[in-house]
Structures are given as C-alpha cells and as structure tokens.
Amino acid sequence: MTTTAAESGVRARVSPMSPLRHAAYRTLWFAQFGTVVGSWMQVVGAQWLLVGRPNAASLVALVQAASMLPVLFLAIPAGAIADNQDRRWLLAGAQATMATVGVVLALLTAGPGVRPEVLLLLTLLLGCGSALSMPTWSAMTPDLVPQSELRSAAALTGISMNLARAVGPAVAGTLISLAGVPVVFALSAAAYAVMAWLVATRGVSALNPVGDREGLLSSVRAGVRFIRGSRLTRRILLRATLFVVPGSILWALLPVVAAQRLLLSSTGYGLLLAAAGLGAVLGAWLLPRLDGRMSGSSLIALASVVLSSCIVTLGLTNEAWAGAVALVTAGAAWLLVLAHLGAILQITLPRWVRARGLAAYQVVFLGGQGLGSLIWGSGADCAGLELTLFVAGATTLAGAGTLGCWPLTAVDKETNA
C-alpha cells in the first residue's frame with residue numbers, strides 16, 4: 001500500500017521523549033496524566049462497588065459508559081469554546097468541578113451505602129467534566145511543541161493515558177483492599193484539585209485563538225461544516241470508530257473477566273490494567289519503527305488482527321498470566337492505531353478549527369467506548385461473557401476488512417488546509 005501525504009508529514013526522525021524538553025508541554029503532560037489517574041481510580045472504585053450485585057456485567061459496563069458517553073453531547077461545544085476562549089481557565093474550572101464531585105462521592109460512600117443510580121449519576125457528572133477538558137488538552141499540544149515532534153507528542157499522550165489506565169486501577173485496587181472505596185474517591189478528588197492548581201498556575205499558556213471570536217452556536221456549526229467537508233478528517237474518524245467500538249470490550253468487561261474467569265481480587269484487576277499500560281509503552285516504542293516500514297492502512301490492519309486475537313484469548317483462558325500477556329499485546333495495538341490517527345489529525349487540522357476537529361475525534365474515541373460498553377455489557381448478560389468476547393473479536397477483524405473499501409490511502413492527496 002502507498003503512504004498518505006498526511007502520514008508522510010508526521011514522520012520526522014525525532015526522539016520519542018523529545019517533546020518533554022519543552023516546559024509547557026511537560027506541565028500539560030503531567031497534568032493530563034494526573035487527571036486520567038484520578039478518573040480511573042474513580043471508575044475502578046465505582047465498578048468494584050457494583051461487581052457483586054445482580055446483573056453485574058451490565059452495571060459494571062454502565063459505570064464506564066456513564067464516564068464516557070457525555071463526550072457525545074459535550075465535546076463539540078467544548079471544542080468550540082476552546083477555539084474561542086482562554087483554554088487554561090477552561091481546563092482549571094473543569095478540574096475544580098470534578099474535584100467537588102469527587103468529594104461528594106467520597107462522603108456518600110463513607111456512609112452506610114450508596115444506591116447504584118446515585119453512583120452512576122455522579123460518575124456521569126465526572127464524565128461531563130472530562131468531556132469538557134479533553135478537546136482542550138489535545139488542541140493545546142501543537143502550540144507547545146514543534147511540528148516535527150508532534151508525532152512523538154501524540155505517542156506520549158497515548159502513553160500518558162494508558163499508563164494512567166494502569167496506575168490508577170493498580171493504586172485503586174490496592175487501596176480498596178487496604179482502606180476501602182471512599183479513600184479511593186477522596187484521593188481521586190485530590191488529584192483533580194492538584195491538576196486544577198497546576199494548570200492555572202504553572203505556566204501553561206492560555207493560547208487564545210487568533211482572529212475574531214465566534215458565538216457558540218455559529219462556532220459549532222462552522223466546525224461541523226468543516227468536518228463534513230474534509231474527506232481526510234472523515235476517514236480518520238471512520239477508522240477510529242471501527243477500531244474503538246469492538247476494542248472497548250477490553251476496558252468495559254475486564255473487571256468481570258478478572259473476577260469471574262480469572263478469579264482475581266481488586267489488586268489483580270489493577271495489575272491486569274497495568275499490563276495494558278506496559279503494552280502502551282511498548283506500542284510507543286514500536287510506532288516510529290513501524291511507521292517507516294508500513295503505510296497507515298497496513299498498520300491499522302496489523303493492529304486490528306492483534307487486538308482481535310487478544311480479545312478472543314480472554315474468552316478462552318482461565319490463567320491470569322495468559323490474560324496479562326494478552327493485555328500487554330492489546331495495549332500496544334491500541335496505542336499504535338490511536339496515536340497514529342491522532343498525530344495525523346493534529347498536524348493537518350487548521351488552527352482556527354483545531355479544538356473542534358479534535359473534539360470530534362474525542363467523540364469517536366470516548367463515545368465509541370461508551371456505546372461499546374453498553375453493547376458488550378448487555379451482550380454478556382444476555383449471551384454470556386465468552387460468546388460476547390468472541391463476537392467482539394470477530395467484529396474487530398471485520399472492521400479491518402473494510403480497509404479494502406475505505407483505506408486511509410484513499411485520501412493521499414488531501415490535506416486539511
């Protein structure tokens with residue numbers, strides 16, 4: 001397969017760690033890492049409170065869905081705000097609000113008990129805070145590092161999110177067994193508060209956009225028109241959707257796999273997620289090496305086959321070590337695809353619409369995981385965990401099969417000018 005013009009623009013030979021030399025990017029990276037750690041601690045705490053209840057697969061999946069589905073409704077407006085307002089204070093305000101919700105969660109769960117619907121509602125509010133924050137995180141990155149380092153920055157962002165996916169649950173699992181779920185919620189609230197302070201005071205530029213500011217509705221409409229008119233952006237969003245929706249079963253049902261198939265404690269569950277985070281680091285190391293040897297379509301096809309095999313393995317094995325090996329490999333495949341697509345999008349989007357375009361990517365990334373969680377959680381309750389894992393693995397392969405019809409290379413002459 002040939003290589004897209006957009007892909008060739010992101011293949012500078014730079015060190016994977018070079019973006020961290022820039023102080024503003026480094027501050028942003030650590031702030032984002034801390035926020036995602038806090039979010040995963042909260043998700044694991046909420047899931048573990050529900051894993052022993054009737055219809056556990058659906059309830060556990062609903063926790064992840066509640067944390068991710070708000071992006072479907074809020075990401076594009078948040079991107080419009082980020083393209084027209086002071087991004088630093090938008091981030092700080094969202095983090096401070098999430099800290100407040102985290103404190104409420106800690107206080108409620110410290111009592112005699114909390115109803116599942118209340119737990120899900122508060123998780124939904126935290127998801128709203130994340131939906132408002134994430135387009136802003138992404139839109140700031142291209143202004144903090146040189147274009148030649150954007151690919152490395154995208155990979156580092158993937159490492160941040162996947163390491164947080166590992167560190168957050170591992171810390172949460174240990175704390176649940178030692179001190180209880182309320183302590184987990186309290187620490188996640190503290191993480192949000194620290195990140196609000198860090199973003200507000202430690203020199204991350206406000207990065208106000210250039211040009212005249214638009215009203216919210218007109219800004220949203222302009223962003224939607226741009227996305228509809230850009231074949232490159234649409235194709236990237238399609239490839240992300242076909243990869244993320246079936247792949248989301250790993251994160252939606254892993255607590256159930258850990259508890260019911262692998263017979264692990266909360267600490268064991270956290271270690272499984274740590275294996276996925278280790279795989280993300282491996283994927284970031286592999287990305288520049290594979291990038292010069294294969295096209296984007298080939299990379300996506302390879303990663304999809306690998307991810308499908310890992311999902312099926314979790315449906316077949318009862319051995320914790322085999323599950324951990326599968327998750328290391330799955331974490332690498334996940335990072336390879338999403339960092340590759342995210343880097344192309346960050347480089348090719350014009351500055352005036354960057355946050356809105358990246359918000360659409362977040363809609364696909366998080367919204368796809370949220371919708372996938374609902375699908376796979378309901379499927380596991382109705383058809384059984386093993387069969388649902390096999391169906392998700394087959395769906396991942398089917399998505400890769402569509403590369404013949406809708407390859408990334410079909411837009412090799414296009415840029416988002």
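Throughout, residue positions are numbered sequentially from 1 according to the sequence presented.
With contacts defined as side-chain heavy-atom distances shorter than 4.5 Å, the pair Val245/Leu371 does not qualify. Using a 4.5 Å heavy-atom cutoff, the side chains of Leu122 and Leu125 are in contact. By the 4.5 Å heavy-atom criterion applied to side chains, Trp376 and Thr395 are counted as neighbours. Residues Leu341 and Leu345 fail the side-chain proximity criterion, which asks for heavy atoms closer than 4.5 Å. The shortest side-chain heavy-atom distance between Leu250 and Leu307 falls under the 4.5 Å cut-off. Residues Val257 and Leu389 are in side-chain contact: their nearest non-hydrogen atoms beyond the backbone lie under 4.5 Å apart. The closest side-chain heavy-atom distance from Leu271 to Leu264 is not below 4.5 Å.
Taking each heavy atom of Ala333 and Val306 in turn, the nearest pair found is CB-CG1, 4.1 Å.
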Worksheet item: Going through the checks in order, is the side chain to side chain contact (heavy atoms under 4.5 Å, CB included) test met by Val184 and Gln42?
Response: CA-CA 7 Å; Val184 171; Gln42 186 275 326; over 6 Å; no
Worksheet entry | Verdict with reasoning, Arg239 to Thr402, per side chain to side chain contact (heavy atoms under 4.5 Å, CB included) | CA-CA 9 Å; Arg239 298 289 11 136; Thr402 65; 2.9 Å; yes
Practice prompt. Given side chain to side chain contact (heavy atoms under 4.5 Å, CB included), test Leu327 with Leu254 step by step and report yes or no.
Written response: CA-CA 10 Å; Leu327 285 165; Leu254 190 57; 4.0 Å; yes
Discussion item. Side chain to side chain contact (heavy atoms under 4.5 Å, CB included), that's the test. Do Ile227 and Leu237 meet it? Break it down for me.
Written reply: CA-CA 10 Å; Ile227 293 165; Leu237 297 179; 4.0 Å; yes
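Distance alone, capped at 3.5 Å, is enough to place a donor-acceptor pair between the Ser188 side chain and the Phe185 backbone. Distance alone, capped at 3.5 Å, is enough to place a donor-acceptor pair between the Gln369 side chain and the Phe365 backbone. Checking side-chain atoms of Ser308 against main-chain N and O of Ser304 turns up no donor-acceptor pair under 3.5 Å.
Residues Arg235 and Ser230 have side chains that never bring a donor and an acceptor to within less than 3.5 angstrom of each other. Side-chain contact, Thr97 with Thr100: no donor N or O sits under 3.5 Å from an acceptor N or O.
By the ring-ring contact (aromatic ring centres under 6.0 Å, His included) test, Phe243 pairs with Trp334, sequence neighbours left out. Not counting sequence neighbours, the partners of Ser130 by the side chain to side chain contact (heavy atoms under 4.5 Å, CB included) test are Ser39, Met98.
Around atom CZ of Phe390, more than 12 heavy atoms belonging to other residues, nucleotides or ligands sit under 6.0 Å away.
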